[in-house]
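Single-structure report; data block below.
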Amino acid sequence: PATLRARTAENRNVQRYRNLKVALALAAHHNEHGRYPKTLAELSPRYVENVPKDFFTNEPLKYQPRQDGYLLYSVGANLQDDGGAWLGEEPAGDDIRVGMPLPKDNR
């Protein structure tokens, strides 16, 4: 059980790194164009060589551009799309997300 928890934590950290890499590319795109891209594919090859995939599913990351920012997430270890919800939220999920703008409680 301890080994499984450690492996799951490591996998979540790998995905957090992937999300951060994409978030930095999104910030660079926004800085240059004044907007976030409509799709993550617009980031390659200028901002990232290849857009990383979801570590857990090997499918594209979930990306939702919004009027005031975006939501970017992995479905997480439960392999279910919880709509970007993560642990401790209601309803709870285990998606690994980056959102812009930051939620008010994270500023």
Side-chain angles (χ1 to χ4, degrees):
T3 303
L4 179 59
R5 283 194 302 271
R7 181 174 296 143
T8 300
E10 179 182 3
N11 293 346
R12 291 179 66 79
N13 284 332
V14 167
Q15 188 58 57
R16 284 185 187 105
Y17 172 78
R18 289 181 182 192
N19 286 4
L20 179 59
K21 184 176 179 179
V22 175
L24 291 171
L26 286 165
H29 183 284
H30 185 273
N31 188 50
E32 188 169 324
H33 299 280
R35 63 171 181 81
Y36 292 105
K38 293 180 182 178
T39 68
L40 293 178
E42 292 178 50
L43 298 174
S44 179
R46 180 164 175 80
Y47 305 101
V48 289
E49 186 174 336
N50 296 301
V51 177
K53 293 189 175 190
D54 188 319
F55 178 85
F56 297 97
T57 63
N58 201 37
E59 294 180 5
L61 292 169
K62 308 295 183 184
Y63 173 66
Q64 300 168 4
R66 298 179 171 173
Q67 185 80 13
D68 60 347
Y70 64 84
L71 176 62
L72 169 75
Y73 65 96
S74 156
V75 299
N78 73 359
L79 305 178
Q80 296 177 18
D81 185 345
D82 297 311
W86 54 12
L87 300 171
E89 289 188 330
E90 289 297 328
D94 85 333
D95 294 351
I96 304 166
R97 76 175 184 206
V98 176
M100 190 58 63
L102 295 174
K104 290 180 183 178
D105 60 347
N106 286 350
R107 290 183 186 176

Can you see which heavy atom on [X] is nearest to which on [Y], and at what distance?
X: Thr8; Y: Ala77; value: CG2-CB, 4.2 Å
X: Ala85; Y: Arg97; value: CA-NH1, 4.3 Å
X: Leu43; Y: Ala25; value: CD2-O, 3.7 Å
X: Asp95; Y: Arg12; value: O-NH2, 4.5 Å
X: Val75; Y: Thr57; value: CG2-CG2, 3.4 Å

Output the distance between atom [atom1] ([X]) and atom [atom2] ([Y]), rounded to the nearest 0.5 Å.
X: Lys21; Y: Leu61; atom1: NZ; atom2: CG; value: 11.0 Å
X: Asp54; Y: Lys62; atom1: CG; atom2: NZ; value: 8.0 Å
X: Ser74; Y: Lys53; atom1: OG; atom2: NZ; value: 13.5 Å

Provide the full list of ring pair (Phe, Tyr, Trp, His ring centres under 6.0 Å) pairs with a residue in residues 22-41, sequence neighbours left out, each pair given once.
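Passing the test, one end in residues 22-41: His29-His33, His29-Tyr47, His30-Tyr36, Tyr36-Tyr70.
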Is it the case that Gln15 and Asn19 place a side-chain donor and acceptor less than 3.5 Å from each other?
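Judged by distance alone, the side chains do pair up.
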Decide whether Arg16 and Asn13 meet the rule of one side-chain donor and one side-chain acceptor closer than 3.5 Å.
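A pair is found: one side chain offers a donor N or O, the other an acceptor, under 3.5 Å apart.
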Can Leu26 and Val98 be said to form a side-chain contact (heavy atoms from CB on, under 4.5 Å), step by step?
CA-CA 11 Å; Leu26 286 165; Val98 176; over 6 Å; no
Which residues pass the salt bridge (charged side-chain N to carboxylate O under 4.0 Å, His left out) test with Glu32, sequence neighbours left out?
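Testing Glu32 for salt bridge (charged side-chain N to carboxylate O under 4.0 Å, His left out), a comparison that skips the adjacent residues, returns Arg46.
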Linking Ile, Leu, Val, Met, Phe, Trp and Tyr through side-chain heavy atoms less than 4.5 Å apart, which residues share a cluster with [X]?
X: Leu79; value: Val14, Phe55, Phe56, Ile96
X: Tyr73; value: Leu71
X: Leu24; value: Leu20

With sequence neighbours left out, write down each residue that passes side-chain hydrogen bond (donor to acceptor under 3.5 Å, both in side chains) with Asn78, or none if nothing qualifies.
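With neighbours one apart ignored, the set is Asp82, Asp94.
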